[in-house]
There are 2 protein chains.
Amino acid sequence: MEILELETFLPYRLYRLADAVSREFSRIYKDRHGLTRPEWRTLAGLGQHGTMTATALGEQSAMHKTKVSRAVAELERRRWLTRKPDEKDRRIEHLTLTGTGLAAYREMVPLTKAFERDLLAGLSAEERTAIASGLAALETSLVPSKG
Amino acid sequence: MEILELETFLPYRLYRLADAVSREFSRIYKDRHGLTRPEWRTLAGLGQHGTMTATALGEQSAMHKTKVSRAVAELERRRWLTRKPDEKDRRIEHLTLTGTGLAAYREMVPLTKAFERDLLAGLSAEERTAIASGLAALETSLVPSKG
DNA sequence: TTTAGATGGTTACAAATGAAACCAGTTTGG
DNA sequence: CCAAACTGGTTTCATTTGTAACCATCTAAA
């Protein structure tokens, strides 16, 4: 009889690892600022790119548009971002972080980098290369935007 | 000003990849049998090990005990598994797949293996090795049970 | 014993999510 | 022009999830 060994099954390993990393990482934005993951990603997207539309945010950070919509609404409620309607196309809104939003972003960036550094701290140079190239290979083979 | 590049940030890449893989993989158990992920994992755990307790299931497949509890309840409702109280400790229940549950498991196993094969199909031998060792390195550095 | 604390598992409640319907506004083809 | 189809974004509803509280049972220490 054919058996599946869950522990070595790639989709399961990937998910469990991502889940554990993500859970740990969420402390940075959740414990400190009470943000959800979509809210954090929205902040990160705007912090990185300055001004974006909701659609662009969804594409950049791989979120469904309902998640983006809700995250934007919440950040707006906090006055961490503002919407500016597009001149030409009135369906579109341009989103930008306020001073407060930008300040929160700036405060978190070093923490996120430290987190990543710590995560890789125990690994050898070869192992890090392995992760980089392994992920890249899977991404091109699967993630639509990267295909 | 310090910026975080989301696209190359490890936690984000991991999560997005796992999410995409998982979403694709879920077709096997969701579309065909209407199972949720916890239900699928429960099935997979019992298929692999024969008989387990809820706690053991949670440990093996990295699920919170409420997820396990609900998944077990649903699989029991479908008559895909049965509970047998422990003789010595009456808090514990031993879970086993029924014939129907086992049949569903047996039907899915080849599909899951084919999925994994396809996922890796486009990659070179080096890339596969890279994934294996990269994940392993991160796992030992992070996932509690593997630490 | 008795009792305080652990442990296996369930439940209640609030929050997060996804799918689909929806409401502008915009483009396209006749 | 004008309707059909499309697009950006929001809302609704059902389902899933996480946290915490909760039973019941078991263990250990006084």
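Note on naming: letters A, B, ... go to the chains in the order of the sequence lines (proteins, then strands), and numbering restarts at 1 for each one.
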Legend entry - Integer-rounded Å distance: D/dG9 C1' and A/His94 NE2: 13 Å
Legend entry - B/Glu74/B/Arg70 salt bridge by N-O under 4.0 Å criterion: no
Inset, instruction - Quickly, which of B/Lys30, B/Met108, B/His33 forms a side-chain contact (heavy atoms from CB on, under 4.5 Å) with B/Trp40? Name it, please. - result: B/Met108
Legend entry - Within 6.0 Å of NZ in B/Lys113, more than 12 heavy atoms from elsewhere: yes
Inset, instruction - Report yes if some heavy atom in the side chain of A/Leu95 is under 4.5 Å from a heavy atom in the side chain of A/Leu75; otherwise report no. - result: no
Legend entry - Reading 5' to 3' through nucleotides 18-26 of chain D, protein heavy-atom contacts under 4.0 Å coded B for base, S for sugar-phosphate only, - for none: BBB---BBS
Inset, instruction - Answer yes or no: are there more than 12 heavy-atom neighbours, outside B/Arg27 itself, under 6.0 Å from its atom CZ? - result: no
Inset, instruction - Decide yes or no on side-chain contact (heavy atoms from CB on, under 4.5 Å) for B/Glu107 and B/Arg32, but give the supporting numbers first. - result: CA-CA 11 Å; B/Glu107 183 214 321; B/Arg32 298 177 64 87; 2.4 Å; yes
Legend entry - Side-chain H-bond candidate by donor/acceptor type, A/Thr96 with A/Thr51, under 3.5 Å: yes
Legend entry - Distance below 4.0 Å between A/Arg83 side-chain N/O and D/dT10 OP1 or OP2: yes
Inset, instruction - Give me the first and last nucleotide of DNA chain C, going 5' to 3', that has any atom under 4.0 Å from a heavy atom of chain A. - result: C/dA16 to C/dT26
Legend entry - Value in whole Å for how far the C1' atom of D/dT10 lies from CD of A/Glu74: 16 Å
Inset, instruction - Could you pick out which residue, A/Ser69 or B/Arg37, lies toward the 5' side of DNA chain D when each is mapped onto its nearest nucleotide? - result: A/Ser69
Legend entry - Full working for side-chain contact (heavy atoms from CB on, under 4.5 Å) between B/Trp80 and B/Leu35: CA-CA 12 Å; B/Trp80 281 20; B/Leu35 295 177; 3.9 Å; yes
